Structure formats: structure tokens, C-alpha cells
2 protein chains.
Amino acid sequence: MTSLRDVAERAQVAVSTVSAALNGTRPVKAETKRRIEQAAAELGYRPNLLARGLVSKRTRILALLFPPPGSGFGLTEMQFATAAAEAAAELGYHMLLSPESADPVEELRYLTGMGLVEGVLLMEVRLTDERTDFLLESGVPFAMIGRTRDPGAVDHADIDFARTAREAVAHLAGLGHRAIAFFNHSTSAYSPEYGPSVRAGAEFAAAAREAGLGYAGDVRADTADEGRRAFDRLMAEHPEVTAVAVMSDRAAVGVLQAVEERGWSVPGDLSLVLASASARVAEMFRPRLTTLEPPGAELGRLGARMLIDRLESPGSPPAHRLVPCRLVIGDSSAPPRTTASRGAPQTEA
Amino acid sequence: MTSLRDVAERAQVAVSTVSAALNGTRPVKAETKRRIEQAAAELGYRPNLLARGLVSKRTRILALLFPPPGSGFGLTEMQFATAAAEAAAELGYHMLLSPESADPVEELRYLTGMGLVEGVLLMEVRLTDERTDFLLESGVPFAMIGRTRDPGAVDHADIDFARTAREAVAHLAGLGHRAIAFFNHSTSAYSPEYGPSVRAGAEFAAAAREAGLGYAGDVRADTADEGRRAFDRLMAEHPEVTAVAVMSDRAAVGVLQAVEERGWSVPGDLSLVLASASARVAEMFRPRLTTLEPPGAELGRLGARMLIDRLESPGSPPAHRLVPCRLVIGDSSAPPRTTASRGAPQTEA
DNA sequence: AACGCCGTTCGAAACGTTTCGCACAGAACG
DNA sequence: CGTTCTGTGCGAAACGTTTCGAACGGCGTT
């Protein structure tokens with residue numbers, strides 16, 4: 001491996017001059033600089049990041065903590081990772097993928113204690129999160145994709161649940177629906193501290209209220225089976241509901257099933273909006289579902305940029321960015337029939 | 001940050017003794033060792049990876065090159081990444097997520113020239129791949145998820161297309177199908193050098209031949225629209241086909257659509273097997289699709305392990321592991337009707 | 001009593017950078 | 001003509017490890 005010394009030798013200058021010339025940290029005569037650059041190019045010189053990091057304390061390496069797969073780790077979460085890595089690469093940083101062990105705080109202590117990682121990007125942040133406590137206390141720069149209950153001065157990018165819910169509700173209200181329901185994640189599969197679940201639930205309720213719509217919240221389902229049963233229960237208690245928003249794509253499968261079992265159809269007898277699934281997933285359903293596509297890539301990008309900004313200008317004010325989901329209209333949302341005529345043979349589609 | 005020197009001071013020994021004690025590289029008297037370990041614990045000492053790597057040339061950092069998203073980057077590919085990172089973590093290694101730029105070879109040159117990365121894990125390997133050429137030539141240890149046309153002595157883990165195709169064909173033949181078709185990826189969306197596409201195509205053809213089944217290959221589709229048209233064309237040319245295997249989940253959407261448009265049903269008039277999609281995706285379809293679920297996580301794990309093995313015992317023989325997809329039987333494959341009775345009202349399901 | 005050996009510990013060099021005080025030349029100035 | 005800048009380059013120290021030859025008692029052997 002060719003080192004700074006080799007370059008210095010070939011260009012007939014001191015090592016420190018090469019460093020200065022290559023990094024532009026000090027003025028170097030044009031002619032000397034040229035000679036040095038040529039020598040470096042000829043030797044194919046690449047600076048050693050380890051040596052550089054050792055003295056400068058800057059490694060340009062970020063860590064992305066990702067939760068154990070299985071816990072709702074889907075396409076969206078993966079987009080965080082890839083987009084964040086890409087944004088980082090564009091800015092000259094590297095992204096370390098760090099699977100979260102049983103003890104995430106210990107994991108963090110280890111990661112940051114090594115001197116390898118300059119900053120941490122957190123995802124799947126819960127409303128109260130021990131990881132943020134640790135990072136705050138230890139002074140390690142970090143940013144979040146998602147946010148705690150009170151993010152304070154911590155940089156973060158998250159879904160704009162308020163706007164997303166209002167857009168979805170406006171879409172349904174605009175179609176003429178007067179009563180809707182929201183199928184949240186079940187508390188057994190997701191922590192009650194899971195931000196998206198809590199916030200979406202709250203915002204859908206608020207949006208429905210503001211729009212003057214009937215609203216059935218507190219429905220929860222994460223599997224097809226749960227979805228099916230939850231829908232039957234919902235119809236028993238709230239037959240006036242003509243449209244539902246569903247967080248879990250699996251639960252949506254169940255709802256569709258239940259609708260079919262009644263001899264009903266979507267969107268004729270029920271409008272269904274998928275909350276928080278990519279269009280790619282939504283179009284696999286028949287009919288193609290209307291969905292609220294989460295801005296996974298953008299959040300990843302934003303998170304990485306924020307973290308890097310924080311590293312490069314520590315004094316800057318904290319960044320908080322909320323991005324709404326994109327409403328992608330499919331074939332599963334339409335004007336409601338009168339609930340009385342439900343299940344009647346379909347009119348022309 | 002607490003350094004080796006701090007520990008040495010507190011334990012009243014030389015720095016080198018602390019190093020020896022903590023790493024076990026040299027014998028240290030039990031009592032001394034105890035004192036050192038206590039001092040280290042009290043100070044919360046963590047070795048600095050940069051300094052260690054600088055001298056020992058061992059950073060325990062691996063790079064995972066991942067292709068630009070969009071190019072068929074789905075859940076499976078993500079599983080490679082997370083599983084590889086996890087397997088690496090278990091063995092004390094770190095995984096650097098490195099997005100592939102326009103010039104992957106330059107990217108590699110940069111990555112490995114830095115002294116940061118010890119080995120590289122390649123995914124989305126094409127039949128001939130410039131990246132493997134470079135790595136081979138430059139002597140950087142690496143492993144592949146997937147494989148080139150002739151992997152030679154390079155460690156790799158890949159799908160066992162031969163077994164997978166035979167299992168799928170056996171499943172269909174067992175149900176009584178006599179003629180099948182294979183819907184491959186389109187060559188416009190995927191490089192003709194894309195291994196999975198080429199291998200799956202070849203192996204399905206071979207498996208059908210061995211089983212004495214009629215076979216229509218060379219059907220290609222990657223979107224719903226292409227899928228629909230391809231199916232219509234197939235039925236015009238090969239009405240005897242009663243079962244299809246489809247690589248792309250989007251194309252499957254189109255096939256399902258085309259079937260419905262004819263007034264046919266799945267699996268009554270056509271059996272459909274999804275090739276290379278997770279069960280999670282397959283169960284979103286109505287009916288739930290039979291699928292060949294690729295062993296994403298296992299391949300990621302295997303890839304990481306191979307790479308680490310290579311690093312830790314360079315002399316060992318190259319590892320080649322082929323893992324078949326798991327056949328997950330859904331509701332989309334069933335015995336065929338006689339082609340003559342196709343489209344007749346469904347008998348009891 | 002002298003010798004060699006073993007178990008244990010030490011000290012210094014090395015890894016490849018960055019950083020910073022200092023030296024040296026020539027120019028500008030009084 | 002001496003002094004003070006300014007532009008340019010040098011050398012040494014430092015970052016936190018690992019590595020390795022050497023030192024130093026104590027012990028058994030001859």
C-alpha cells in the first residue's frame with residue numbers, strides 16, 4: 001500500500017507538504033503542488049482512513065442502527081437504510097449497518113466507544129426510547145428517523161401524520177363517506193410506544209372529528225385473521241361505516257376477505273385505504289388498493305443529511321422535518337352506496 | 001476517551017502488558033491480569049479500532065456492495081443485507097453498507113484502498129461481472145451472494161435453481177398438469193447477464209423436459225400489462241398450458257387479471273406459482289399464491305460467514321453453497337380441468 | 001559457584017496520518 | 001542597512017494500538 005511517504009519521496013518534498021498540498025489545508029506553491037499531485041496519481045495513492053481518523057478524530061463513518069427483522073421490517077424500513085447510505089455516500093460519508101442486539105444501549109456504548117463511528121442514525125424510534133437517552137447523555141451526535149414523544153432539540157425526520165391523516169380523510173369525505181374506521185396495528189405485535197401507530201391513530205381520529213365524520217377508532221389488527229374478525233365486529237357495532245383505513249397490509253387481506261364473504265364488494269360496499277404501504281404492495285391487491293405511501297427514501301435521505309449537518313456545523317439549530325405520505329389513488333376507494341343497499345348486485349363499475 | 005495508557009497507569013504496569021493481558025496474546029500472571037482487567041472495567045476502557053487497525057491491518061470491517069435500488073431491489077435483497085450484517089455482528093465484524101456508484105470498480109478501488117475494509121460481500125452478481133475481475137486481480141478477499149457464470153474458487157452462496165425448479169415442476173406434475181409455461185423477467189428490465197433469470201429459465205426448461213411435460217419458455221414479463229398480454233399470447237399459441245410459474249410479482253398481477261377477463265379462475269382454469277417472492281407477498285394476492293420463497297436471510301448469513309472464514313483461514317478450500325427456494329403452497333395451484341371445460345362455472349372449491 | 005532457562009514484564013519502534021512551531025528566503029519598509 | 005513581514009517548506013510530535021527484542025529475577029542443573 002502506498003503511503004504519504006512514498007509520494008513525498010517521489011515528489012522530493014516533505015511528508016507534511018504532501019499532506020498540505022493534497023488536503024489544501026495550507027498554501028503550497030502551484031508548481032510544487034502539481035508535482036505532488038502527479039506523484040500521487042502515478043503511485044495511485046489513497047489516504048489511509050484509519051491513520052487519518054486516529055489523529056483527526058474524523059472518520060466520516062456513521063452507524064445506522066436497525067432493529068431485528070421481523071418486527072415489522074418491510075420495504076419502507078429498508079428504504080430508510082438504502083437512501084440514508086446513498087445520501088451519506090454522496091456527502092463523502094460511510095454507513096455502518098449495525099443490527100440491534102438484545103441490549104441496544106450496550107451496543108451503542110460499544111459502537112461509539114470504539115472511535116470508529118462519528119454519529120448515529122436511529123430508526124424505529126419509540127415514544128420513549130432508552131437509546132436516545134443514552135446518546136443525549138453521552139454527547140454522541142445523532143439523528144432520528146421517527147421521533148420520541150418529545151424530540152426536543154434532536155434532529156429528526158418523520159412522517160407528517162397530521163397531514164397524511166387529513167389528506168386521507170379529505171379523500172374519503174370528498175367521495176361522500178360520512179363514517180369511517182381506522183384499523184391500527186395491534187398492541188401485541190407492536191409496542192404501545194410505537195410512534196407511527198400512536199400518532200396515526202390520534203391524527204386519524206382528529207382529522208375525522210374536524211371533518212365532521214363518524215369515526216370508529218380502536219380497531220386493531222395485524223394479521224388476515226384479525227382483520228377479518230375485526231371487520232365483522234366493526235360492522236356489527238358500526239354498520240354506518242363505509243370506509244376504512246388500514247395500517248397493516250396483512251390485516252387488509254383479512255378485511256377484503258370478510259367483505260367478500262358477505263357478498264359485498266370493494267369499493268362498492270366498502271372503500272379501503274391502505275395506510276403506510278408502498279404502491280408496489282398496494283397494486284398487488286385486487287382491486288388495486290388506494291394507499292398512503294410512506295416517504296421512506298426521503299426520510300432516509302433527510303436523516304442522513306441532518307446527521308451530517310450536525311457533525312459539520314454543530315452549532316446549527318436542530319432540524320425537524322415532517323413529510324406526509326403520498327396518497328396514491330387505486331380502485332379501492334369510491335363513493336359509498338347507501339348502507340341500506342349494501343350487498344346488492346353491483347352496478348356498472 | 002480512556003486509552004490503554006490510562007489503564008496501564010491505574011494498574012501500575014506497562015502499556016504493552018495491558019495489551020497482552022486484554023488480548024491474551026502473551027502469558028500474563030493471573031494476579032496482574034486481574035488487576036488490569038479491573039482497572040479496565042473501572043475506567044470503562046474500549047479499545048480504539050482505528051489504532052488497532054492501523055498496526056494490525058485487521059479492522060473487522062466488511063463492505064456490502066448493494067446495487068442502486070429500483071433495479072429489482074426488493075425484500076429478498078434487503079434480507080441479504082440484514083442477515084449478513086447480523087451474521088457478521090455475531091462473529092465480531094461490522095458491515096459497511098456501500099451503495100454502488102456509476103463506476104463500481106472505482107468504488108471498490110476506493111473502498112479497499114482506504115485500509116478500512118478487509119473484505120467485500122458482493123450481491124446481484126452478474127454472469128460476467130467486472131467487479132469480481134477487479135477483486136480477484138487486486139487480491140481483496142470477497143464472497144458473493146449469487147455467482148458468475150464460472151465462479152471458480154470464489155466463495156459464494158446462491159439459490160439452488162436446479163432443485164427449486166424441479167420441486168416446483170414436481171408439484172405441478174403431481175397435481176396432474178401436462179404442460180406448463182415459465183414467465184421470466186423481461187430482458188429490458190433485467191440484464192441478460194442477470195444470473196437468477198438465466199438460471200431459473202434454464203432449469204425450469206430442463207425440469208419440465210425431465211418430467212416429460214410440455215413447456216413454453218421464452219415468455220417474458222415484468223409489469224402487470226406485460227403479464228396480461230403475455231398470457232393472452234401464450235393461450236393463443238399454447239392452449240394446452242394449464243399451469244404457469246411467474247418470476248415477477250407484478251407480472252403475476254397481470255396474469256391474474258387476464259385470467260379473470262376471460263371469465264376463468266385460479267386455480268380452476270390455471271394454476272399459478274410465483275417464483276422468487278416471499279410468502280408475505282404471496283399471501284397478499286387473492287387467491288393466496290403458491291410461491292417459491294427465496295432463502296434471502298440464509299444466503300445473507302452464509303455469504304457473511306464465508307467471507308469471514310476466508311479472512312480467518314485464508315487457506316481453506318472455497319465454499320460453494322446452493323440453497324433451494326422453499327415451496328409454500330397457497331391456493332393458486334390445483335389439479336387442472338380438461339382444457340376443453342375451461343371457463344365453465346366453478347365446481348365446489 | 002557459574003550457567004542457562006523460564007516466566008514475567010518492560011520499553012521502544014512502528015503503523016500512516018495531521019498539526020504546528022520553526023526556519024529560511026526574498027520583499028517591503030523605515 | 002537592519003528590521004519586519006510573507007510565502008513556502010521542513011521536521012517532530014502526537015493519535016492509540018500491536019509487536020518484539022531485551023531485561024530481570026528465581027530456579028534447577030552441572
Side-chain angles (χ1 to χ4, degrees), chain A residues 1-40 43-61 92 94 110-118, chain B residues 1-37 39-40 43-61 92 94 110-118 312:
Chain A
M1 212 206 301
T2 118
S3 80
L4 219 41
R5 230 182 72 191
D6 302 325
V7 179
E9 220 158 88
R10 176 174 257 255
Q12 302 275 35
V13 291
V15 172
S16 58
T17 307
V18 180
S19 172
L22 260 29
N23 297 316
T25 54
R26 275 195 174 197
V28 172
K29 204 162 82 182
E31 146 66 9
T32 316
K33 186 167 175 179
R34 202 199 45 72
R35 235 174 44 236
I36 291 175
E37 279 168 350
Q38 181 181 340
L43 294 170
Y45 168 74
R46 323 244 157 206
N48 182 312
L49 280 205
L50 298 177
R52 173 177 288 180
L54 186 56
V55 35
S56 73
K57 304 290 175 205
R58 303 259 359 231
T59 60
R60 301 179 80 89
I61 299 179
H94 301 273
Y110 171 68
L111 260 182
T112 58
M114 257 170 359
L116 184 64
V117 162
E118 270 190 83
Chain B
M1 212 205 301
T2 118
S3 80
L4 218 43
R5 231 183 70 191
D6 302 326
V7 179
E9 220 158 88
R10 176 172 256 255
Q12 303 276 35
V13 291
V15 171
S16 58
T17 306
V18 179
S19 173
L22 260 28
N23 298 315
T25 53
R26 275 194 174 197
V28 171
K29 202 163 83 185
E31 146 66 7
T32 316
K33 187 166 173 178
R34 201 199 47 71
R35 233 174 47 237
I36 291 175
E37 280 168 349
L43 293 170
Y45 169 75
R46 323 244 155 203
N48 182 312
L49 279 206
L50 298 176
R52 172 178 290 178
L54 186 56
V55 34
S56 72
K57 304 290 175 207
R58 303 253 9 227
T59 61
R60 301 178 83 87
I61 298 180
H94 301 272
Y110 171 70
L111 261 181
T112 58
M114 265 176 343
L116 184 63
V117 162
E118 269 191 84
E312 303 199 332

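Chain naming here is simple, since letters A, B, ... match the order of the sequence lines and numbering starts at 1 in each. If you're wondering where the values come from, they're calculated on a predicted model, not measured in any experiment.
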Side-chain N or O of B/Ser56 closer than 4.0 Å to phosphate OP1/OP2 of D/dT18: no

For the side-chain contact (heavy atoms from CB on, under 4.5 Å) test, which of A/Leu43, A/Val18, A/Val15 pairs with A/Asp6? A/Leu43

Out of C/dT18, D/dC10, C/dA12, minimum distance to the side chain of B/Ser16 belongs to C/dA12

Within the structure, does a side-chain N or O atom of B/Asn23 lie under 4.0 Å from either OP1 or OP2 of D/dT18? yes

Drop me the distance from B/Thr112's OG1 to B/Glu118's CD, to the nearest 0.5 angstrom. 12.5 Å

Which whole-number value in Å describes the distance from A/Leu50 CG to D/dT18 C1'? 14 Å

Could you state the interatomic distance from CG (A/Leu116) to CG (B/Leu50), rounded to the nearest 0.5 Å? 5.5 Å

Determine whether more than 12 heavy atoms belonging to other residues, nucleotides or ligands lie under 6.0 Å from atom CZ of A/Arg58. yes

Taking 4.0 Å as the cut-off, does a side-chain nitrogen or oxygen of A/Lys57 come that near to OP1 or OP2 on D/dG16? yes

Whole Å only: how far is the CE atom of B/Met1 from the P atom of D/dA14? 18 Å

Salt bridge between B/Arg34 and B/Glu37, side-chain N to carboxylate O under 4.0 Å? no

Under 4.0 Å between a side-chain N/O of A/Thr17 and OP1 or OP2 of D/dT8, yes or no? no

Length of the line joining A/Lys33:NZ and D/dG9:C1', which is rounded to integer Å: 15 Å

Please report the distance, rounded to the nearest Å, between CG in B/Leu54 and P in C/dA13. 17 Å

Atom CD of B/Glu31 to atom C1' of C/dT9: distance rounded to whole Å? 14 Å

Closer to the 5' end of DNA chain C via nearest nucleotide, is it B/Ala51 or B/Lys29? B/Lys29

What is the distance, to the nearest angstrom, from the CG atom on B/Leu4 to the C1' atom on C/dC15? 15 Å

Determine the contact category for A/Arg5: base if any of its heavy atoms lies under 4.0 Å from a base atom, sugar-phosphate if only primed atoms, P, OP1 or OP2 are that close, otherwise nothing. nothing

Just how far, in rounded Å, is P of D/dT17 from CZ of B/Arg46? 13 Å

Between P on D/dA22 and CZ on B/Arg26, what's the gap in Å once rounded to a whole number? 12 Å

Measure from the side-chain heavy atoms of B/Val55 and tell me the nearest of D/dT17, D/dT19, C/dT19. D/dT17

Heavy atoms only, 4.0 Å cut-off, all strands: where does A/Ser3 land among base, sugar-phosphate and nothing? sugar-phosphate

